[in-house]
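Some notes on the structure that comes next.
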Amino acid sequence: MTDHAPARGRVCPNCDGFAAAAVTLGGRDRHGHRRTITAYCQACHGTGYAPRRLVTSGSVGGGK
């Protein structure tokens with residue numbers, strides 16, 4: 001029987017779980033390779049998962 005990994009939380013709503021992307025800078029280096037950088041999601045810091053938030057009864061809505 002295989003082990004199951006525990007649930008890591010909900011997927012980040014800002015990047016939809018695709019936390020890192022390779023972005024081309026345009027042009028090529030002297031070896032002919034494209035110059036790229038890796039951009040990470042600022043909300044989840046490159047993990048793809050959003051931290052779970054604790055919701056209290058007073059924080060939802062705005063009623064009096």
- Note on the structure: Heavy-atom nearest pair, C15 first then C44, reads SG-SG, 3.9 Å
What donor-acceptor contacts under 3.5 angstrom involve side-chain atoms of residues 32-40, with partners at least two apart or in another chain?
unit_1	atom_1	unit_2	atom_2	d
R35	NE	G26	O	3.4
R35	NH2	G26	O	2.9

- Message: Taking side chain to side chain contact (heavy atoms under 4.5 Å, CB included) as the definition, give me every residue that meets it alongside A43, ordered by chain and number, with sequence neighbours left out.
- Response: C12, N14, C41
